[in-house]
Trainee: 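Take this structure first; my questions come after.
For the single chain, residues carry numbers from 1 onward in sequence order.
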Amino acid sequence: MDHFLPLQKELEEIYAALTAQTPLTVDCIRQEPFLQIIDRSDYLITIHDVEYYRPICINEKLREFYGFNNRILQGMDHFYYLKTMHLSTYYTLIESMAFFRNDPPGYLNLKYKLLASTGQWKKTIGTSKAIIRNGRGSSKVAMTVMKPMEIEVSISPYEQYLSLTSRELEIVGLLYDGLSKKEIAGKLFISPDTVITHVKNIYRKLGVNKISELSRLVEQFRVGG
């Protein structure tokens, strides 16, 4: 079973209810009619400004989960995510920023550990999607629908990327820059067979089969250069 499907269905139902009531704009998000609709959900909901990466508001269920005083999160920036999320799932911030920057179709499905009002870290899964776009047509506001879940879900692409060794990352960078395996061997003073073995391991870890797929991952997650 795909554990994210109910979350995606809930997101679409909430989105339909929001758009049926009034034109969906940035100004309406903090207003009571919008908040009333997201409060109907039994799921945990966050509304984010993904252009500047900061939270806008949460529903009542998530307010209770965190133990916050308010649903509207004014004056908060990306440190909100660092304060509510366990260090081991900080990688989700990179995945999320990459997703909305590249703006592919479909949903962003992620897993988290979130800090509950009890002081305990709760395993949670969530799905996100843009619900408002800016004047350039890029993602502006997104909704995330989450629920606590104890079972493990599959490893994410960024976790796979983080599993690469320093040597493998070095070879990934050279492949991305267009060097052949023979050229990489000469540059790193290793044998072509060693490069071939590294490339096979890289492809296996990242779940890719060709350089074009590898390049897409590098464009998402490579830091610097």
Side-chain angles (χ1 to χ4, degrees), residues 1-22 24 28-50 53-68 71-73 80-81 83-86 88-118 120-133 139-160 207 220:
M1 176 184 177
D2 188 336
H3 301 290
F4 293 100
L5 286 178
L7 303 178
Q8 295 167 4
K9 181 180 178 183
E10 180 74 1
L11 193 157
E12 293 300 338
E13 289 178 354
I14 296 171
Y15 179 71
L18 290 169
T19 54
Q21 177 175 274
T22 181
L24 201 51
C28 79
I29 291 173
R30 294 184 176 90
Q31 296 175 4
E32 197 58 33
F34 183 99
L35 295 172
Q36 287 177 358
I37 290 176
I38 66 173
D39 279 347
R40 294 175 196 164
S41 179
D42 290 327
Y43 290 87
L44 309 173
I45 297 175
T46 307
I47 307 298
H48 321 258
D49 182 328
V50 291
Y53 230 79
R54 58 195 178 197
I56 300 174
C57 63
I58 56 179
N59 71 340
E60 182 63 19
K61 288 284 184 182
L62 189 53
R63 187 200 68 77
E64 293 175 353
F65 177 90
Y66 284 142
F68 287 177
R71 292 173 295 166
I72 298 174
L73 306 174
Y80 157 85
Y81 305 103
K83 291 175 181 177
T84 57
M85 190 178 298
H86 193 272
S88 65
T89 55
Y90 278 2
Y91 67 85
T92 60
L93 296 176
I94 304 295
E95 288 202 53
S96 185
M97 287 186 281
F99 180 86
F100 289 108
R101 181 188 66 212
N102 295 317
D103 210 11
Y107 305 92
L108 172 65
N109 298 321
L110 294 172
K111 57 182 179 178
Y112 319 86
K113 283 185 182 178
L114 301 179
L115 185 60
S117 60
T118 59
Q120 296 176 308
W121 293 101
K122 298 290 186 179
K123 290 183 179 180
T124 309
I125 64 169
T127 191
S128 301
K129 187 177 181 180
I131 60 171
I132 298 175
R133 296 184 174 275
S139 296
K140 171 61 180 175
V141 174
M143 181 189 303
T144 298
V145 178
M146 303 179 293
K147 69 175 181 179
M149 176 163 269
E150 288 302 321
I151 68 169
E152 292 297 325
V153 293
S154 59
I155 189 169
S156 72
Y158 193 61
E159 286 177 290
Q160 293 171 322
Q220 281 186 292

Trainee: Once you round to the nearest 0.5 Å, how far does OG1 of Thr46 lie from CE of Met146?
Mentor: 4.0 Å

Trainee: Is any side-chain heavy atom of Leu62 closer than 4.5 Å to a side-chain heavy atom of Ile45?
Mentor: no

Trainee: How about Trp121 and Leu114: do any of their side-chain heavy atoms sit closer than 4.5 Å?
Mentor: no

Trainee: How far apart are the C-alpha atoms of Ile47 and Phe34, what are their side-chain angles, what is the distance that settles it, and do they pass the side-chain contact (heavy atoms from CB on, under 4.5 Å) test?
Mentor: CA-CA 11 Å; Ile47 307 298; Phe34 183 99; 3.8 Å; yes

Trainee: Return the set of residues passing side chain to side chain donor-acceptor pair (under 3.5 Å) with Asn109 (not counting sequence neighbours), or none when no residue passes.
Mentor: Gln8, Thr127

Trainee: Walk me through it: do Leu115 and His86 pass the test side-chain contact (heavy atoms from CB on, under 4.5 Å)?
Mentor: CA-CA 7 Å; Leu115 185 60; His86 193 272; over 6 Å; no

Trainee: Checking Ser139 now: which residues fulfil side-chain contact (heavy atoms from CB on, under 4.5 Å) with it, not counting sequence neighbours?
Mentor: Val50, Phe100, Asp103, Ala130, Arg133

Trainee: So how far is it from Glu64 CD to Ser117 OG, rounded to the nearest 0.5 Å?
Mentor: 9.0 Å

Trainee: Is there a donor-acceptor pair under 3.5 Å between the side chain of Thr19 and the backbone N or O of Tyr15?
Mentor: yes

Trainee: Could I get the full list of salt bridge (charged side-chain N to carboxylate O under 4.0 Å, His left out) partners for Lys129, not counting sequence neighbours?
Mentor: Glu12

Trainee: Can you tell me if Lys140 has over 12 outside heavy atoms packed within less than 6.0 Å of its NZ?
Mentor: yes

Trainee: Report the distance from atom CD1 of Ile131 to atom CG of Leu18, rounding to the nearest 0.5 Å.
Mentor: 6.0 Å

Trainee: Does a side-chain heavy-atom distance below 4.5 Å link Val145 with Pro6?
Mentor: no

Trainee: Between atom OH of Tyr66 and atom OG1 of Thr118, what is the distance when rounded to the nearest 0.5 Å?
Mentor: 12.5 Å

Trainee: For Glu60, check salt bridge (charged side-chain N to carboxylate O under 4.0 Å, His left out) against everything at least two apart and list the hits.
Mentor: Arg63

Trainee: Evaluate the side-chain proximity of Tyr91 to Thr89: yes if any heavy-atom separation is below 4.5 Å, no if none is.
Mentor: yes

Trainee: Looking at side-chain heavy atoms only, is the closest gap between Asn59 and Arg71 below 4.5 Å?
Mentor: no

Trainee: Between CD of Glu10 and CD1 of Ile38, what distance do you get to the nearest 0.5 Å?
Mentor: 11.5 Å

Trainee: Is there a side-chain contact between Ile132 and Ile29, using heavy atoms and a 4.5 Å cut-off?
Mentor: yes

Trainee: Could you walk me through whether Tyr80 and Ile58 pass side-chain contact (heavy atoms from CB on, under 4.5 Å), step by step?
Mentor: CA-CA 12 Å; Tyr80 157 85; Ile58 56 179; 3.8 Å; yes

Trainee: With a 3.5 Å distance limit and no angle check, can you tell me whether Thr124 reaches the backbone of Lys122 through a side-chain donor-acceptor pair?
Mentor: yes

Trainee: Which heavy-atom pair separates Ile125 from Phe4 by the least distance, and what is that distance?
Mentor: CB-CE2, 3.8 Å

Trainee: To the closest 0.5 Å, what do you measure between CE (Met97) and CG (Asn102)?
Mentor: 12.0 Å

Trainee: So Ile72 and Leu35, do their side chains get closer than 4.5 Å, heavy atoms only?
Mentor: yes

Trainee: State, to 0.1 Å, how close Thr92 and Lys111 come at their nearest heavy-atom pair, and which atoms those are.
Mentor: CG2-O, 3.2 Å

Trainee: What closest approach, in Å, do Met85 and Tyr90 show between heavy atoms, and which atom pair accounts for it?
Mentor: O-CE1, 3.2 Å

Trainee: Which residues pass the side chain to side chain donor-acceptor pair (under 3.5 Å) test with Thr144, not counting sequence neighbours?
Mentor: His48, Ser128

Trainee: Thr84 versus Phe68: any side-chain heavy-atom pair under 4.5 Å?
Mentor: yes

Trainee: Tell me, please, which residues at least two apart from Tyr43 pass side chain to side chain donor-acceptor pair (under 3.5 Å).
Mentor: none

